[in-house]
Amino acid sequence: MKIILANSYNELSRKAADIIEELVSSNGNAVLGLATGSTPVGTYRELIKRYLEHSLDFSGVTTFNLDEYIGLRASNHDSYNYFMNYNLFDHININKDNTHVPDGMTNDPRTYGRLYDRMIENAGGIDLQILGIGSNGHVAFNEPAEELNLGTDLVKLSKKTIEDNSRFFESKENVPTEAISMGIGSIMKARRILLLASGEGKAEAIGQVLNSGKVTTWLPASLLLLHPDVTLICDQEAFSLVDRRIMAGAIV
Ligand code: F6R
């Protein structure tokens, strides 16, 4: 894992956008894996700015999002479908037909998930997957557990994730308890992964992933250590519990 340290959230967002811009400029038909949540919002804002300022071209780009809450329609303001339109797709020249966010209204998540994974494969696979990390070390909505899904499938959200994400909803009771999420296998197939972590709320998870030198399904983000091309962009707060003596060589 390569590590890029940023001095602020804005710097983190700019550095993440640099990597995305580099890919999209060199491959107009790039396939991006996208995340929702607070962390990538600044990156998306930065991409919109680059589209407006120097016409960064998304017309041939295809996107696949990681996850969606079960029971929320795309038109629901709390859905991740809505989030993506609001925070990115509505403001750039992407062809909406080429953007994909899992359908939270599916009544057969297993079959739907297989179809979603096949769609990713048919698009040529993900060139660059953007990931956030949960305070409990989840990636996408793959929560710490004895076993993790390989492919896109139904997941039950942990108490911690429901608590963390209640800030986006009217109350904790309104947070859906289930989601459809890309599995760890779907994520690990991406050719390159960009993991973003900001703020002290992520320090424990990042510290555990980088310090222990172990992989475990109880800390899903640790499985990323097995991927050959992961870049972590991290601000100082999220990096604060990492043992710098161990990780010094990884910082670029
Ligand atoms: C979002 C997702 C989640 C978030 C994670 C961090 O699509 O899959 O894994 O990346 O929960 O969320 P924030 O960025 O809100 O702290």
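Remember, it's 1-based here, ligands and their atoms both numbered in the order they're listed.
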For Tyr86, does its backbone N or O pair with a side-chain atom of His91 as donor and acceptor, under 3.5 Å? yes
One finds that the ligand 1 atoms under 4.0 Å from a non-hydrogen atom of Gly37 are 14 (O), 15 (O)
Write out the residue and atom name of the closest protein heavy atom to atom 1 (C) of ligand 1, then the distance separating them to 0.1 Å. Thr36 OG1, 3.2 Å
Under 3.5 Å, side chain of Asp235 to main-chain N/O of Gly199, donor-acceptor pair present? yes
Out of all atoms in ligand 1, which are within 4.0 Å of some heavy atom of Arg167? Include the element for each. 13 (P), 15 (O), 16 (O)
Atom 9 (O) of ligand 1 has as its nearest protein heavy atom Ala140 O, 2.7 Å
Residue, atom name and distance, where the atom is the protein heavy atom closest to atom 2 (C) of ligand 1: Asp67 OD2, 3.3 Å
Atom 10 (O) of ligand 1 [closest protein heavy-atom partner, distance rounded to 0.1 Å]: Gly132 CA, 3.3 Å
Counting N and O atoms only, with roles assigned by atom type, does the side chain of Thr161 sit under 3.5 Å from a partner on the main chain of Leu157, one being a donor and the other an acceptor? no
Considering only the protein, which heavy-atom contact is closest to atom 5 (C) of ligand 1, and what is its distance? His138 NE2, 3.4 Å
Considering only protein heavy atoms, which is closest to atom 14 (O) of ligand 1, and at what distance to one decimal place? Thr39 OG1, 2.4 Å
To check your reading of the model: name the closest protein heavy atom to atom 6 (C) of ligand 1, its residue, and the distance in Å. Ile133 O, 3.3 Å
Atom 16 (O) of ligand 1: the protein heavy-atom neighbour that sits closest, reported with distance to 0.1 Å: Lys202 NZ, 2.6 Å
SB check Asp18 Arg14 (cutoff 4.0 Å): no
Does ligand 1 have a heavy atom under 4.0 Å from the side chain of Leu66, from its backbone, from both, or from neither? side chain
For residues Arg114 and Thr152, is any side-chain donor paired with an opposing acceptor at under 3.5 Å? no
Plane angle bin for Phe64 and Tyr116 - parallel if under 30°, tilted between 30 and 60°, otherwise perpendicular: perpendicular
Distance-only N or O hit between ligand 1 and Ser38, under 3.5 Å: yes
Is the backbone N or O of Arg245 less than 3.5 Å from a side-chain atom of Asp243, with the two atoms forming a donor-acceptor pair by type? yes
So, for Phe58 and Phe89, is the gap between ring centers shorter than 6.0 Å? no
